Number of protein chains: 2
Amino acid sequence: MDAVDPHDPVPLYQQVARELRNMIISGELAPRDALPSELTIQQRYQVSRGTARRAIEMLRDEGLIYTVPQRASYVAER
Amino acid sequence: MDAVDPHDPVPLYQQVARELRNMIISGELAPRDALPSELTIQQRYQVSRGTARRAIEMLRDEGLIYTVPQRASYVAER
DNA sequence: GTGTATTTGTTCGTATGTATC
DNA sequence: CGATACATACGAACAAATACA
């Protein structure tokens with residue numbers, strides 16, 4: 001069972017967001033840790049860059065991460 | 001709170017420049033005193049040499065320091 | 001004077017996110 | 001979706017001048 005499945009009715013960006021969210025909640029990614037880059041996400045889940053960006057945007061809106069322009073996105077504290 | 005923080009949206013070279021600038025303004029570094037070497041800056045703030053050089057370049061552009069090739073940068077008089 | 005270490009100068013390559021078309 | 005350009009940042013390598021034992 002792939003983590004991200006194109007046949008799943010759930011939008012890809014939501015699936016990707018869920019994966020990343022799990023990595024944060026599980027502690028695999030600790031506060032202030034950098035998230036995988038957009039390119040890494042593309043390759044890992046076989047999605048387009050737009051999809052990767054949208055997933056990241058989702059987590060940012062949730063307050064789970066913050067993005068430092070020209071650098072990377074990081075897991076938020078707390 | 002680190003003096004130079006990768007999670008701060010402010011570009012690293014600007015953060016480093018700010019630190020050095022403060023050392024000059026506070027008088028910790030007097031006119032004609034040598035600035036920390038590029039290597040020292042790298043190690044002290046955990047940044048790359050390019051970033052250290054760019055910070056120095058900034059202060060030079062501001063007229064706060066001058067650089068003697070193959071020697072060091074010094075705090076400007078006045 | 002000689003050799004070594006240090007320091008700045010310079011260039012190249014890679015990676016990242018942002019913006020635009 | 002792809003392609004490009006840009007800004008930031010890191011790393012490596014080498015050159016050249018200087019400092020020092």
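Reminder, nothing fancy here: chain letters follow the sequence lines and each chain counts from 1. Note that this is a predicted model, so its numbers are computed, not measured.
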**Message:** Looking at every heavy atom in both B:Pro6 and A:Arg71, which two are closest together, and how far apart are they?
**Reply:**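 It is O-NH1, 2.6 Å.
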Nucleotide [N], atom [atom2] - distance to [atom1] of [X] in whole Å:
X	N	atom1	atom2	value
A:Ile41	C:dA15	CD1	P	17 Å
B:Ile56	D:dA9	CD1	P	15 Å
A:Arg60	C:dT18	CZ	C1'	11 Å
B:Arg54	C:dT10	CZ	C1'	16 Å
B:Glu57	D:dT8	CD	C1'	13 Å
A:Leu35	C:dA15	CG	C1'	16 Å
B:Glu38	D:dG11	CD	C1'	14 Å
B:Asp8	D:dT8	CG	P	14 Å

**N-O pairing of B:Glu62 and B:Arg21 below 4.0 Å** =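 Yes.
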**Request:** Using a cut-off of strictly less than 4.0 Å between a heavy atom of the residue and any atom of DNA chain D, enumerate the qualifying residues of residues 63-76 of chain B by number.
**Result:**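 Within residues 63-76 of chain B, the residues near DNA chain D are B:Gln70, B:Arg71.
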Candidate nucleotides [options], ranked by approach to the side chain of [X] - the nearest:
X	options	answer
B:Arg49	C:dT10, D:dT8, D:dC10	C:dT10
B:Ser37	C:dT7, D:dC10, D:dT8	C:dT7
B:Leu12	D:dT8, D:dC10, C:dT18	D:dC10

**Heavy-atom side-chain proximity of A:Arg32 to B:Asp5 below 4.5 angstrom** = yes
**Prompt:** Hey, does A:Leu20 have a side-chain heavy atom less than 4.5 Å from the side chain of A:Pro36?
**Reply:** yes
**Request:** Tell me, please, which residues at least two apart from A:Tyr74 pass ring pair (Phe, Tyr, Trp, His ring centres under 6.0 Å).
**Result:**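 For A:Tyr74 the ring pair (Phe, Tyr, Trp, His ring centres under 6.0 Å) partners, ignoring immediate neighbours, are A:Tyr66, B:His7.
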**Message:** With clusters defined by side-chain heavy atoms of hydrophobic residues (ILVMFWY) lying less than 4.5 Å apart, directly or transitively, does B:Met23 cluster with B:Leu64?
**Reply:**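 Linked within one cluster.
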**Asked** Can B:Val16 be reached from B:Ile56 by stepping across I, L, V, M, F, W or Y side chains whose heavy atoms are under 4.5 Å apart?
**Response**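 B:Ile56 and B:Val16: one cluster.
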**Asked** Looking at B:Tyr13, does any N or O in its side chain come under 4.0 Å of the phosphate oxygens OP1/OP2 on D:dA9?
**Response**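 Result: no.
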**Request:** Name the residue closer to the 5' end of DNA chain C, choosing between B:Arg53 and B:Leu39 according to the nucleotide with the nearest heavy atom.
**Result:** B:Leu39
